[in-house]
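Heads up: the structure comes next, in structure tokens.
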Amino acid sequence: MSDIKLLELLAKEYPNIESANEEIINLSAILALPKGTEYFLSDLHGEHEAFVHMMKSASGTIKQKIDEEFCELSDEERDALAALVYNAPAEIKRRKEREEDFDKWAMDAIFRLIIICKAVSTKYTRSRVRRNMPKYSAYIMDELLYADDEDNRLDYYREILQSIVDREMAETFIIELSEVIGRLACDHLHIIGDVWDRGSRPDEIMDYLMTVPKVDIQWGNHDIVWMGAATGNWACITNVIRMNVSYNNFDMLELGYGINLRPLAVFAEKYYGDDPCTKFMPHVIDKNKYAPIDNMLAAKMHKAIAICQFKIEGQRIMAHPEYKMEHRLILDKINWEEGTVEIEGKTWELSDLNFPTVDPKNPYAFTEEEEALLDTLEASFLQSERLQKHIKFMFSHGSLYKVTNGNLLYHGCIPMNEDGSFTDVAINGEVFKGKALMDYFDDQVRKAYFAPDESEEIGRSGDLMWYLWNGANSPLFGKGKMTTFERLFIDDKASHKEPTCLYYQLIKERKNCENILREFGLDPEISKILNGHVPVKIKNGESPIKGDGLLFVIDGGISKAYQKQTGIAGYTFIFNSRFMALAEHKPYSPMKEDGTQEFHSPSIQRVVELPRRLLVEDTDNGKLLKERRQLLMDLVVAFKKGWIKETY
């Protein structure tokens, strides 16, 4: 029997035998349902439109359902129906311009969408489906979805559809129904790192994620540097601003998060007004709609914040000898007379010697104006209500790694030695490796944001996040160094190389993947590793499948900045009740000026066929439900024996 105090608390929710038995029956029924579909995405990098399309299309699953349910329709009709689910407002607009009888089209569309909705909702209870419906349309959708007795209720069914059209609700109803389909197609969403940077609207991705009922996030290196910036850490702030200014993401910075960049613009014009800043011109992937900045000014801002970055990074390196990053102290290695710099024992010619704010005698010291600038930027980050809300969500729904339903999820790597053992990493006077290292970093990152006085961090709060962004033994970075200075100030590309850690070679062997799984308490015979971070260059013959099928790298390049290297546009990993699969995506096609849009169905490769269909009772959530059911059974016994009094 369970503890009587615990049962007394449970009795407040279930005060008698009848209510407890009702919930026992409900839980037993849920446990017998098929396991819901999990989707795993990685490295979204601000590509909001492509991400939303992946979600609404359920990585091609919606199109498969349409093909199964409407085999009598032509290919063109099925594609149009899929487009309606993917982007209902745009498809409605096109239909209003083309259809002679729009009302008839709308009734047909609702009827077909209801059939698709039925197909994607079969794994859920009726109450779970209704919770995914909009407040004011839920009753109507519920009636249409479960109107199975068509012979007796055909007129009733038709009247509902006709009334939707007559009350001019059809467009809204279609849009809402398409959104319900998208939500039901994915039972649980896993984001394996890197929501931010490069792409233009990571803020809108975060807004979307906050509406997803079941979602978790494994922090990526680009996430952690934003989390550090949200603590006010200057090393993280300068990296975040430099990265996004270099990709022309002013709409997101200034309007999305309210970061005041005017002081940076004024500072940059003052000190770099006559500087061509050739190497600092922004990569314009997406144009700004609301905060357009001249490319030349953007280049000057890029250079100004980059110099601030190198100064503050030098200060943090010297403050943290345990980080072992002295090889990245560069400003003091510049030979101003010869125009060269010595990096790790090798001399390189500088392409740019205009450093108006750098004192050769004290190169890492800020000028008064730089300090004032960084104070202003810090205030913007700390006072950005939307950013802080997103970061708190990143903490509440995120972690450095996750073990779920027998699988291990993390973004970057596990530091390893050449023999496959785990690397000892010294941080804050202690040594950790493997799972213990990940747990320690996770704990310290949370304390740095929520309770800096309780953290073991030496120096300024958030320094550890900066280390996780670019430290050699960081499980989020996975490289020996970040060569930002070299790419901006040295033409010789040999200096730009960022050597990857041993992990990425070691995971090609099964034994090393087995070692990782066992380290996290998992069985290599049934468990898998889902990994992001490093784009898989399909065009070069690389495969996302490592370790003889134990590890899957799902960063396939959703970021437009990577697609020339990868040749594709990202992976999603699918884990449903029958199989595991990799979906390989083609580049997302934005809407054209004429209102049309081309959608590409991904290539889906089943990588694991399950020996039997998995049920809810086989999942982690199933274990919790069974524990709750047992508590309720114990409560019924307590009621029957008179240990707890029933109330009605």
Side-chain angles (χ1 to χ4, degrees), residues 225-226 228-246 253 259-275 277 279-280 297-321 323 325-336 341 343 350 352-384 448 452 457-467 469-471 482-489:
V225 73
W226 273 88
T231 70
N233 184 276
W234 286 7
C236 294
I237 286 172
T238 52
N239 270 278
V240 162
I241 293 178
R242 180 194 57 77
M243 173 72 73
N244 285 281
V245 166
S246 74
L253 287 171
I259 306 301
N260 181 11
L261 295 179
R262 179 170 173 75
L264 175 59
V266 172
F267 178 89
E269 279 286 11
K270 177 178 179 179
Y271 285 97
Y272 301 96
D274 297 327
D275 190 328
C277 296
K279 297 284 285 289
F280 296 86
L297 176 57
K300 295 172 186 175
M301 294 167 70
H302 183 188
K303 185 171 184 179
I305 199 65
I307 298 301
C308 290
Q309 175 189 320
F310 302 139
K311 286 186 176 184
I312 189 61
E313 287 185 334
Q315 293 178 23
R316 302 335 298 150
I317 290 169
M318 290 184 284
H320 290 280
Y323 289 176
M325 294 179 67
E326 292 82 2
H327 60 293
R328 298 309 298 159
L329 290 170
I330 295 177
L331 294 181
D332 60 317
K333 308 297 191 304
I334 294 175
N335 185 318
W336 300 95
V341 62
I343 301 175
L350 291 170
D352 183 347
L353 268 175
N354 186 30
F355 293 81
T357 66
V358 176
D359 178 359
K361 296 179 181 178
N362 193 7
Y364 299 108
F366 287 120
T367 65
E368 288 186 9
E369 286 178 277
E370 285 173 327
E371 287 219 12
L373 170 63
L374 291 175
D375 277 333
T376 301
L377 291 172
E378 178 185 351
S380 281
F381 276 83
L382 292 176
Q383 295 172 19
S384 172
E457 191 168 45
I458 303 166
R460 185 160 183 172
S461 180
D463 281 354
L464 189 63
M465 279 95 130
W466 173 74
Y467 173 80
W469 160 244
N470 68 351
M482 186 177 290
T483 57
T484 305
F485 181 92
E486 290 90 328
R487 291 194 302 272
L488 293 175
F489 288 97

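Applying the salt bridge (charged side-chain N to carboxylate O under 4.0 Å, His left out) test to Glu486 and every residue at least two apart in sequence or in another chain returns Arg328. Every residue was checked against the side chain to side chain donor-acceptor pair (under 3.5 Å) condition with Tyr323, not counting sequence neighbours, and none meets it. Among residues two or more places apart in sequence or in another chain, the side chain to side chain donor-acceptor pair (under 3.5 Å) test is passed with Glu378 by Trp234, Arg460. Among residues two or more places apart in sequence or in another chain, the side chain to side chain donor-acceptor pair (under 3.5 Å) test is passed with Asn244 by Asp197, Asn249. With sequence neighbours excluded, no residue satisfies salt bridge (charged side-chain N to carboxylate O under 4.0 Å, His left out) with Lys333.
The shortest distance between side-chain heavy atoms of Ile307 and Glu370 falls below 4.5 Å. Between Trp466 and Ile317, the closest side-chain pair of non-hydrogen atoms falls below 4.5 Å. When side chains are defined from C-beta on, Met318 counts as touching Tyr364, because their heavy atoms get closer than 4.5 Å. Residues Phe267 and Ile305 fail the side-chain proximity criterion, which asks for heavy atoms closer than 4.5 Å.
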For Met325 and Asn470, run side-chain contact (heavy atoms from CB on, under 4.5 Å): C-alpha distance rounded to whole Å, both residues' side-chain angles, the deciding distance at 0.1 Å, then the answer.
CA-CA 10 Å; Met325 294 179 67; Asn470 68 351; 3.6 Å; yes
Determine whether His302 and Leu488 satisfy the following criterion, side-chain contact (heavy atoms from CB on, under 4.5 Å), listing intermediate values before the conclusion.
CA-CA 10 Å; His302 183 188; Leu488 293 175; 4.0 Å; yes
I'd like to know whether Phe355 forms a side-chain contact (heavy atoms from CB on, under 4.5 Å) with Ile334, so could you lay out the CA-CA distance, the side-chain angles of the two residues, the decisive distance to 0.1 Å, and finally the verdict.
CA-CA 11 Å; Phe355 293 81; Ile334 294 175; 4.2 Å; yes
Run the side-chain contact (heavy atoms from CB on, under 4.5 Å) test on Leu331 and Phe485 for me, step by step, so that the C-alpha distance in whole Å, both residues' side-chain angles and the decisive distance to 0.1 Å come before the verdict.
CA-CA 9 Å; Leu331 294 181; Phe485 181 92; 4.1 Å; yes
Apply the test side-chain hydrogen bond (donor to acceptor under 3.5 Å, both in side chains) to residues Trp469 and Asn239: give CA-CA distance (whole Å), side-chain angles for both, the deciding distance (0.1 Å), then the verdict.
CA-CA 9 Å; Trp469 160 244; Asn239 270 278; 3.0 Å; yes
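Note that OG1 of Thr357 and OH of Tyr271 are 7.5 Å apart. Values are rounded to the nearest 0.5 Å. Here the CD-SG distance, from Glu369 to Cys308, works out to 10.5 Å after rounding to the nearest 0.5 Å. Remark: Leu377 CG to Ile259 CD1 distance equals 8.0 Å, nearest 0.5 Å. Separating the CD1 atom in Ile312 from the CD atom in Glu371 is a distance of 8.5 Å, to the nearest 0.5 Å. Atom CG of residue Leu261 and atom OG of residue Ser380 lie 7.5 Å apart, to the nearest 0.5 angstrom. Rounding to the nearest 0.5 Å places CD1 of Ile241 at 7.5 Å from CG of Leu373.
The number of heavy-atom neighbours closer than 6.0 Å to CG of Asn362, taken from other residues, nucleotides and ligands shown, is above 12. Residue Glu326 qualifies as enclosed at atom CD: its count of foreign heavy atoms under 6.0 Å is above 12.
At distances below 3.5 Å, not a single donor-acceptor pair connects side-chain atoms of Glu457 with backbone N or O atoms of Pro452. A donor-acceptor contact shorter than 3.5 Å links the side chain of Thr231 to the backbone of Gly228. Although no hydrogens or angles enter the test, the distance criterion places no donor-acceptor pair under 3.5 Å between the side chain of Gln309 and the main chain of Arg242.
Considering all non-hydrogen atoms of both residues, Ala235 and Thr238 come closest at O-OG1, 3.1 Å. The shortest heavy-atom contact between Val240 and Ala229 is CG2-CB, 4.1 Å. Considering all non-hydrogen atoms of both residues, Cys277 and Tyr272 come closest at SG-CB, 4.3 Å. Annotation for Gly462 and Ala448: closest pair N-CB, 4.2 Å, computed over non-hydrogen atoms.
Relative ring orientation between Phe489 and Phe310 is described as perpendicular, the plane-to-plane angle rising above 60° on a 0-90° scale split at 30° and 60°.
Listed by first and then second residue, the salt bridge (Lys or Arg N to Asp or Glu O under 4.0 Å) pairs involving residues 297-308 are Glu269-Lys300, Asp275-Lys303, Lys303-Asp352 (not counting sequence neighbours).
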